[in-house]
Amino acid sequence: QVQLVESGGGLVQPGGSLRLSCTASGRTSSGYTVGWFRQAPEKEREFVATISPSGGSTLYAVSVKGRFTLSRDNAKNTAYLQMDSLKPEDTAVYFCAARFTVLKSNNPAQYDYWGQGTQVTVSS
């Protein structure tokens, strides 16, 4: 079992930045891929980014590539999603997820563990 807790959400103006954190506890000794997803009201959950267990490989959604950066510190069991140049359309609840495989995935159905989510609102 893995427990995931997100933090760092909030209200930011367009063009601003936020850094989300996802801290894992429990079965963290095994390598696990971390994914970030987001869900806006009345929309389906969509892929944002994912990172391999070592942190050496990442994959981003087209809508955030070049603006968001995903990294991880395995000594702290924490993954970080740095979000720059934020747009109103980035407004959503952001969730982190984990799966015990080295393979990255943009499919939320392939993740086994989820955090509770953190709200990000981009508005002037």
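No hydrogens, no waters, no symmetry mates; every other heavy atom, side chains included, goes into these values.
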Subject >> Side chain proximity check, Phe95 to Cys22, heavy atoms < 4.5 angstrom >> reply: no
**OP:** With sequence neighbours excluded, give me every salt bridge (charged side-chain N to carboxylate O under 4.0 Å, His left out) pair touching residues 81-105.
**Re:** Arg38-Asp90, Arg67-Asp90
Original post:
So how far is it from Thr91 OG1 to Gln119 CD, rounded to the nearest 0.5 Å?
Top reply: 7.5 Å
Original post:
Under a 4.5 Å cut-off applied to non-hydrogen side-chain atoms, are Leu4 and Glu6 in contact?
Top reply: no
Original post:
Can you list the steps and then say if Tyr111 with Thr50 is a side chain to side chain contact (heavy atoms under 4.5 Å, CB included)?
Top reply: CA-CA 11 Å; Tyr111 286 79; Thr50 182; 3.1 Å; yes
**OP:** Compute whether any side-chain donor of one residue and acceptor of the other, for Ser52 and Tyr32, lie under 3.5 angstrom apart.
**Re:** no
Original post:
Hey, does the side chain of Asp112 reach the backbone of Ala98 with a donor-acceptor pair shorter than 3.5 angstrom?
Top reply: no
Subject >> ring pair (Phe, Tyr, Trp, His ring centres under 6.0 Å): pairs with one or both residues in residues 39-77, sequence neighbours excluded >> reply: Phe37-Phe47
Subject >> Those residues that, when tested against Thr58, pass side chain to side chain donor-acceptor pair (under 3.5 Å) (two or more places apart) >> reply: none
Original post:
Under 4.5 Å between any side-chain heavy atoms of Arg45 and Trp114, yes or no?
Top reply: yes
Subject >> Exercise: identify the closest heavy-atom pair between Ser17 and Gln82 >> reply: CB-NE2, 3.9 Å
**OP:** Report the hydrophobic cluster partners of Tyr80, with the cluster defined as I, L, V, M, F, W, Y residues connected by side-chain heavy atoms closer than 4.5 angstrom, directly or transitively.
**Re:** none
Original post:
Would you say Val120 and Met83 make side-chain contact, with heavy atoms under 4.5 Å?
Top reply: yes
**OP:** Would you sort out whether Trp36 and Leu20 count as a side chain to side chain contact (heavy atoms under 4.5 Å, CB included), showing the intermediate values?
**Re:** CA-CA 10 Å; Trp36 281 92; Leu20 305 184; 3.7 Å; yes
Subject >> Atom pair NZ/OG of Lys76 and Ser21 - distance to nearest 0.5 Å >> reply: 9.5 Å
Original post:
What are the two closest non-hydrogen atoms of Val34 and Ala79, and how far apart are they?
Top reply: CG1-CB, 4.0 Å
**OP:** To the nearest 0.5 angstrom, please state how far the OG1 atom of Thr33 sits from the CD1 atom of Ile51.
**Re:** 9.0 Å
Subject >> Rounded distance [0.5 Å steps], CZ in Phe100 versus CZ in Arg27 >> reply: 4.0 Å
**OP:** Among residues two or more places apart or on two chains, list those pairs meeting disulfide (SG to SG under 2.5 Å) that have a residue in residues 38-80.
**Re:** none
Original post:
Any side-chain heavy-atom pair from Leu81 and Val48 closer than 4.5 angstrom?
Top reply: yes
Original post:
Side chains of Pro88 and Ser123: does their closest heavy-atom pair fall under 4.5 Å?
Top reply: no
Original post:
Can you list the residues that meet the side chain to side chain donor-acceptor pair (under 3.5 Å) rule with Thr118, with sequence neighbours excluded?
Top reply: none
